Amino acid sequence: MTNADHPGTWHKVPLAHLPTPLEPLPALSRALGGPEIWVKRDDCTGLAGGGNKARKLEYLMAEALARKADRIVTAGGIQSNHARQTAAAAARLGLRCTLVLTDSVPGRGTAYHGSANLLLDRLFGADIRLYEGSADPDAAMAEVAASHAAEGERPYVIPVGGSNAVGARAYVDAAAELADQAAMLGQPFSHVILATGSGGTHAGLALGLAACDPAIPVIGISVSRARDAATERVRTLVESTAALIGVKRDPEILVDDRFVGPGYGLPTEAMREAVGLAARTEGLLLDPVYTGKAMAGLIALVREGRLAQGDRVLFWHTGGSVALFAYDEVFAEKR
Ligand SMILES: *Cc1c(COP(=O)(O)O)cnc(C)c1O
């Protein structure tokens, strides 16, 4: 499975439905009255309800198999989409899976603690370890992995969000996939907008789209960190990913942190508006934690005139709509 071009790296295991569709959003574009808006449907990657982690897992799981791992260990919040997709990928490949889930979003209700992503994690047969919100996921994963190893297993630890160079390189490939689709349309995109969480998706896309001529700017709407911290994180991942695949590029890292609201996973009014608008104009499901806030950012950039008529904006849909069911009270008509 070793990739001859890049010693120390591995080919992918097929897990995702690729290429994902590239679709126009004419009614949403009309409703906002500015740029032409398109969507890259990585919510349709197929694995376990889809989402961006399926692409990363194609590389990460290939590395796990190459190392003869028999158990996957990863971490996230209780409603982690990454945990859900990892549990499904492990099930599909016949590997055991332990999920370290931290209860890090305050004030959530019953569904948040029992349904949606968590319900699916259980369905995929994952061994679920619940931790308090203050727990350090990296330390907890190391401890869990050590206890599995002590029992004679071969654990493979995937970092939060699958965001290391191995995972992020999947989004360098995804950038090439988009470039091919855009070339068929004959009109390049002026901007790419996405949600930036653990940063691997943003890093891979920025690195990949920097190879386009002209380079396409990638605007990350942060869903957790302040701008400087998010930028630094993405930049570090760009460097390690560039080193892994053997390219030299230095894309500008653009992060807008105005749409996080009170914190990661906490609803905002702009997110509610964005989720509602996409649903009503396009029948398109977003999610409360990532793409809803990213779309809120896109809407604000249009209203501020920073994305305008003549621009052709690609919204990179990273999935997550399973989590809508964990936030049922937020979307109820009367609150
Ligand atoms: C994980 C996730 C993201 C963020 O991707 P990162 O690579 O962690 O920045 C965005 N949207 C959804 C739905 C996700 O699950």
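All ligand and atom numbering here is 1-based and tracks the order in the structure. These numbers were taken from a predicted model, which means no experiment stands behind them. The analysis underlying the following values was restricted to heavy atoms, covering all of them including side chains, and did not include hydrogens, waters or symmetry mates.
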If you count heavy atoms of other groups shown closer than 6.0 angstrom to OH of Tyr264, is the number above 12?
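Above 12, so yes.
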Whether Glu177 side chain and Thr20 backbone form a donor-acceptor pair below 3.5 Å
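Judged by distance alone, yes, a pair lies under 3.5 Å.
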Look up atom CD in Glu239 and atom CG in Asp250, then write down how far apart they are to the nearest 0.5 Å.
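Between Glu239 CD and Asp250 CG, I get 7.5 Å after rounding to 0.5 Å.
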Basic-acidic side-chain contact under 4.0 Å: Glu329, Arg108
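Yes.
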Name each donor-acceptor pair under 3.5 Å that joins a side chain in residues 130-142 to protein atoms two or more places apart or in another chain, with its distance.
{"unit_1": "Asp136", "atom_1": "OD1", "unit_2": "Asp138", "atom_2": "N", "d": "3.0"}

As a test of reading the model: which N/O atoms of the protein lie under 3.5 Å from N/O atoms of ligand 1, and at what distance?
{"unit_1": "ligand 1", "atom_1": "5 (O)", "unit_2": "Asn52", "atom_2": "ND2", "d": "3.0"}
{"unit_1": "ligand 1", "atom_1": "5 (O)", "unit_2": "Thr201", "atom_2": "OG1", "d": "3.4"}
{"unit_1": "ligand 1", "atom_1": "7 (O)", "unit_2": "Lys56", "atom_2": "NZ", "d": "2.6"}
{"unit_1": "ligand 1", "atom_1": "7 (O)", "unit_2": "Gly200", "atom_2": "N", "d": "3.4"}
{"unit_1": "ligand 1", "atom_1": "7 (O)", "unit_2": "Thr201", "atom_2": "N", "d": "3.0"}
{"unit_1": "ligand 1", "atom_1": "7 (O)", "unit_2": "Thr201", "atom_2": "OG1", "d": "2.7"}
{"unit_1": "ligand 1", "atom_1": "8 (O)", "unit_2": "Ser198", "atom_2": "N", "d": "2.9"}
{"unit_1": "ligand 1", "atom_1": "8 (O)", "unit_2": "Ser198", "atom_2": "OG", "d": "2.5"}
{"unit_1": "ligand 1", "atom_1": "9 (O)", "unit_2": "Gly197", "atom_2": "N", "d": "2.8"}
{"unit_1": "ligand 1", "atom_1": "9 (O)", "unit_2": "Ser198", "atom_2": "N", "d": "3.2"}
{"unit_1": "ligand 1", "atom_1": "9 (O)", "unit_2": "Gly199", "atom_2": "N", "d": "2.8"}
{"unit_1": "ligand 1", "atom_1": "11 (N)", "unit_2": "Thr318", "atom_2": "OG1", "d": "2.6"}
{"unit_1": "ligand 1", "atom_1": "15 (O)", "unit_2": "Lys53", "atom_2": "NZ", "d": "2.9"}
{"unit_1": "ligand 1", "atom_1": "15 (O)", "unit_2": "Asn81", "atom_2": "ND2", "d": "3.0"}

Less than 4.5 Å apart, any side-chain heavy atom of Met184 and any of Leu22?
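The answer is no; the side chains never approach within 4.5 Å.
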